[in-house]
Amino acid sequence: QVQLVESGGGLVQAGDSLRLSCAASGRTLSRYFLGWFRQAPGKEREIVAVGSWSGSYTYYADSVKGRFTISTNNNKNTVYLQMNRLKPEDTAVYYCAAGPRPNSFGTNDYWGQGTQVTVSS
């Protein structure tokens, strides 16, 4: 069992930066890939970034590549999403997920409760 708790969301202006955190607990965390997803009102959930605990694997959606960075702190069992040069279209609820496959996260994987990010223009 893995528990995930996101934090760090908020209201910012376009061009600002924000760092989301996802605190993970549970057994054998190193087995899992960590993903950040987001869902805007009226839209489907979309992948933002995926990383491994070791940092050897990362993936970014084209829409955030070069602006967002996923990283981990193994000592704190925490995964971060550093978001720079935020845009209004980044507004969404951001979710952290943990799963055994880097390219597929589903209902059988572990999900946090989400944190709201709102970017004003």
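The basis for the numbers below is simple: all heavy atoms, side chains too, and nothing from hydrogens, waters or symmetry mates. Everything quoted here is computed from the prediction, not taken from an experiment.
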Item to complete: List in chain and number order the residues that pass side chain to side chain donor-acceptor pair (under 3.5 Å) with Ser54, two or more places apart in sequence or in another chain; answer none if no residue qualifies.
Response: Ser52, Ser56

Worksheet item: How about Gln116 and Thr118: does a side-chain donor come under 3.5 Å of a side-chain acceptor?
Response: yes

Practice prompt. Would you list the pairs meeting side chain to side chain donor-acceptor pair (under 3.5 Å) in which at least one residue belongs to residues 92-110, sequence neighbours left out?
Written response: Arg38-Tyr94

Item to complete: Quick one: list whatever passes side chain to side chain donor-acceptor pair (under 3.5 Å) with Thr69, sequence neighbours left out.
Response: none

Worksheet entry | ILVMFWY cluster, Ile70 and Val93 together (side-chain gap under 4.5 Å) | no

Practice prompt. Check whether Trp111 and Ile47 end up in the same hydrophobic cluster, where Ile, Leu, Val, Met, Phe, Trp and Tyr are linked by side-chain heavy atoms less than 4.5 Å apart.
Written response: yes

Worksheet item: For Ala40 and Thr91, which heavy atoms make the closest approach, and how far apart are they?
Response: CB-O, 3.6 Å

Give the table of side-chain donor-acceptor pairs shorter than 3.5 Å for residues 15-22, with sequence neighbours excluded, one pair per line with atom names and distance.
from	atom 1	to	atom 2	distance (Å)
Asp16	OD2	Gln13	N	3.1
Ser17	OG	Asn84	OD1	2.9

Worksheet, complete the sentence: Taken to the nearest 0.5 Å, the spacing of Lys43 NZ from Glu89 CD works out to 8.5 Å

Fill in: salt bridge (Lys or Arg N to Asp or Glu O under 4.0 Å) pairs, two or more places apart, involving residues 49-65
Asp62-Lys65

Discussion item. With a 4.5 Å cut-off on side-chain heavy-atom distances among I, L, V, M, F, W and Y, is there a chain of contacts connecting Phe37 to Leu81?
Written reply: no

Worksheet item: In terms of hydrophobic clustering (I, L, V, M, F, W, Y; side-chain heavy atoms under 4.5 Å; direct or indirect links), are Phe105 and Val64 co-clustered?
Response: no

Practice prompt. Write out all pairs satisfying ring pair (Phe, Tyr, Trp, His ring centres under 6.0 Å) with one or both partners inside residues 41-92, taking only residues at least two apart or from two chains.
Written response: Phe33-Tyr57

Discussion item. Hydrophobic clustering (ILVMFWY, side-chain heavy atoms < 4.5 Å, transitive) - are Trp36 and Val119 grouped together?
Written reply: yes

Discussion item. Donor-acceptor check, side chain of Glu6 to backbone of Gly114, threshold 3.5 angstrom: yes or no?
Written reply: yes

Worksheet item: Which heavy atom in Cys96 sits nearest to a heavy atom in Leu4, and how many Å separate them?
Response: O-CD1, 3.7 Å

Worksheet item: Once you round to the nearest 0.5 Å, how far does OG of Ser30 lie from CG of Asn74?
Response: 8.5 Å

Worksheet item: Are the side chain of Arg67 and the backbone of Arg85 linked by a donor-acceptor contact shorter than 3.5 Å?
Response: yes

